[in-house]
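This report refers to the structure that appears directly beneath it.
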Amino acid sequence: MKLPNGYSLIEYISIDSTNLEARRLIQGGKVKNNPLVISAKSQISGKGRLGRNWVSLEGNLFVSVVVGPENRISNKLRTTNHDPQPSLIPFLTATAIGETLSNFTTTKPLYKWPNDVLVSGKKISGVLIEVIDGYVIVGIGINIANHPIEGTKLPATCLNNQAGRQVQVEEVLELLLYNLDKRISNDTNDIISEWTDFAYGIGKKVRVEQGEKEIIGIFQGIDENGWLILETETGRREVVLFGDVSWI
Ligand code: BTN
């Protein structure tokens, strides 16, 4: 498989979670070169956002990209106002996934805050970003050959169903890494506008669930940190940092 310049790859047949492996390698001082790509054909305990599981059967794509603190991504992400904030990495990643999937589907992928990618209104991909000792772990799952039928917050789909053919995991991964790498020097405005152009539900009424709490309002877009902006019924502007969004 062709990797972007300077990247290295570790491939597993099966592992608990590529994000957990990334964490172990970072904490064990074993990430000598980065970006480091860790991929697996299946995961035994794939991790989702908000402590959920990510069903990880063979035939789908599971990858974690580790970027070191000295790397241009992390550096650029932290230094000047013109460069993206670390909290924008999920949006940059979602748009890289969206462009990748567009190569295989005629239906344009849409982005659901904060980091889901939907095709035909169904979830096809999820992103889990973690920061460990200054390293950023970008964990990406893409449903290619199969998808969960029940037990998920959103209905799910997979790329083979959307593309109408059997897509190879490697061809998706190669393109994904290329699309991710080429966005790394994008500035905050590029990231926000690319994501917003294909964001799901802007201008619509949404409910954001935060455990017991819920906030309802009109989805206005995201701010420069990637936080969700809502206009509540009283006309107040509310900024939301986390939660599950649904349309009502
Ligand atoms: C979500 O939508 O909840 C995020 C799902 C992220 C899943 C990916 S699969 C590769 C990487 N390893 C994990 O354990 N999780 C991420």
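Indexing begins at 1, ligand by ligand and atom by atom, following the structure's order.
For Val127, every heavy-atom contact with ligand 1 shorter than 4.0 Å involves the backbone, none the side chain. Looking at Leu50 against ligand 1, nothing comes within 4.0 Å, counting heavy atoms. With a 4.0 Å heavy-atom cut-off, ligand 1 is reached by no atom of Leu20.
Within the listing of ligand 1, atoms 2 (O) sit less than 4.0 angstrom from a heavy atom of Asp116. Applying the 4.0 Å criterion to heavy atoms of Gly46 picks out, from ligand 1, the atoms 14 (O). If you number the atoms of ligand 1 from 1 as listed, the ones under 4.0 Å from a heavy atom of Val63 come out as 10 (C), 11 (C).
Across the listed options Ile129, Thr18, Val138, Thr18 owns the non-hydrogen atom lying nearest to atom 10 (C) of ligand 1.
For the pair Glu238 and Arg236, the salt-bridge criterion is met [side-chain N within less than 4.0 Å of a carboxylate O]. Here Lys108 does not pair with Asp197 in a salt bridge; the nearest charged N to carboxylate O distance is not below 4.0 Å. Electrostatic pairing of Glu174 and Lys2 does not count as a salt bridge here, judged by no charged N lying under 4.0 Å from a carboxylate O. At a threshold of 4.0 Å, the pair Asp244-Arg52 counts as salt-bridged, since one of the basic side-chain nitrogens sits closer than that to a carboxylate oxygen.
Nearest to atom 5 (C) of ligand 1 among the protein's heavy atoms is Trp54 CE3, 3.4 Å. Here the heavy atom of the protein found nearest to atom 3 (O) of ligand 1 is Arg49 N, 2.7 Å. Looking at atom 6 (C) of ligand 1, its nearest protein heavy atom turns out to be Lys47 O, 3.5 Å.
By the 30° and 60° cut-offs, the orientation of the rings of Trp247 relative to Tyr200 is perpendicular.
Between Lys123 and ligand 1, a contact under 3.5 Å exists for at least one N or O pair.
Interatomic distance, Arg49 CZ to Phe242 CZ, rounded to the nearest 0.5 Å: 10.0 Å.
Residues Gln43 and Asp16 have side chains that never bring a donor and an acceptor to within less than 3.5 angstrom of each other.
Residue contacts with ligand 1: Arg52 is excluded, as none of its non-hydrogen atoms falls under 4.0 Å.
Under the 3.5 Å distance criterion, the side-chain polar atoms of Asn143 are left unmatched by any main-chain donor or acceptor of His147.
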